[in-house]
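Some notes on the structure that comes next.
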Amino acid sequence: MLKAKNVTKKFGELVAVNNLSFEVKKGQVYGIAGPNGAGKSTVYNLITGNYSYEGKIEFNGQDITGLPPHSIAKAGIARTFQIPEIFPSLTVQKSIRLGSRFGARGGLDLEHTDELIGFVGLKEERFQKTGLLNLLGKKKLMIGAALATKPEILMLDEPMAGSNANEIISMMELIKNINQELGITIIIIEHFMKVLTELTETLLIIESGTRICCDKPEIVTSDPRVIESYLGDAYAESK
Ligand SMILES: Nc1ncnc2c1ncn2[C@@H]1O[C@H](COP(=O)(O)OP(=O)(O)OP(=O)(O)O)[C@@H](O)[C@H]1O
Ligand SMILES: [Mg+2]
């Protein structure tokens with residue numbers, strides 16, 4: 001469904017993404033992990049057309065390299081950001097309806113907006129200003145706004161960051177529902193290995209922009225290269 005072929009991104013001297021290739025299949029939950037500064041968020045920024053790059057990215061067999069962000073959103077790729085980006089003075093309901101206009105497939109009417117708000121778990125808060133939501137609420141809102149574009153693929157950037165144990169469970173539940181009930185393919189960048197092991201079918205580890213390995217999570221987390229470069233000995237001993 002989404003194929004990156006020999007993708008390289010340089011910021012001046014820095015090679016943020018280095019000759020990276022990977023393939024996400026339809027229906028998958030696909031994980032990306034790696035140390036801070038590994039180039040994970042940059043990979044999203046390349047897929048969504050925010051920067052130019054060397055190499056090629058295909059979506060549903062179509063070359064999307066060099067397309068502007070709005071065309072990529074229209075093609076069916078949506079994302080969330082590491083730090084929630086919201087309009088604080090709008091209500092939850094208005095924000096989701098605004099989000100729906102960025103997609104391809106026409107804005108959402110009120111009924112479908114409220115259905116989606118219920119799906120992400122913000123029904124009680126739908127007339128609240130988004131600036132008053134807690135962190136988990138803001139993240140759910142950001143996911144709701146991304147879903148409002150009716151994407152085929154949703155890319156999440158560290159959705160668990162800053163969350164407590166209960167919030168992590170709630171977010172994992174939502175991600176599973178998006179994948180299984182809405183049939184949306186998911187790419188998730190995350191630092192919590194337990195979350196990735198439970199949610200994903202395939203896990204890509206990158207370091208300094210380079211692919212270290214890519215396989216089923218249980219294989220990846222026992223790979224000596226991954227333990228050495230990313231997980232550390234403490235993780236290996238705790239298994
Ligand atoms: N717009 C930019 N201009 C210059 N350098 C950048 C830019 N965006 C990212 N970088 C650099 O590229 C490298 C990869 O950054 P990126 O944000 O993709 O890492 P990451 O894997 O998402 O890290 P983290 O886990 O901390 O979120 C870093 O060294 C970062 O400083
Ligand atoms: Mg990042």
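As the structure lists them, so they are numbered: ligands from 1, and atoms in each ligand from 1.
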May I ask you to decide if V29's main-chain N or O and T200's side chain share a donor-acceptor pair within less than 3.5 Å? no

Is P217 close to L196 at the side-chain level, that is, under 4.5 Å between some pair of heavy atoms?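 They are not in contact (no side-chain heavy atoms under 4.5 Å apart), so the answer is no.
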
When rounded to the nearest 0.5 angstrom, what is the spacing between [atom1] in [X] and [atom2] in [Y]?
| X | Y | atom1 | atom2 | result |
| --- | --- | --- | --- | --- |
| Y44 | I32 | OH | CD1 | 5.0 Å |
| E218 | L203 | CD | CG | 10.0 Å |
| I96 | R126 | CD1 | CZ | 12.0 Å |

For the Mg ion (ligand 2), every protein N/O/S atom that sits closer than 2.8 Å, waters excluded: S41 OG, Q82 OE1

Check [X] against [Y] and note the closest heavy-atom contact, atom names and distance.
| X | Y | answer |
| --- | --- | --- |
| M160 | K139 | C-NZ, 3.7 Å |
| G76 | F59 | O-CZ, 4.1 Å |
| E125 | V92 | O-CG2, 3.3 Å |

Proximal protein residues to ligand 1, non-hydrogen atoms under 4.0 angstrom: F11, L14, A16, P35, N36, G37, A38, G39, K40, S41, T42, Y51, Q82, E158, H191

Without hydrogens or angle criteria, can the side chains of K140 and S170 be said to hold a donor-acceptor pair below 3.5 Å?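 Yes, because at least one side-chain N or O of K140 sits under 3.5 Å from a partner of the opposite role on S170.
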
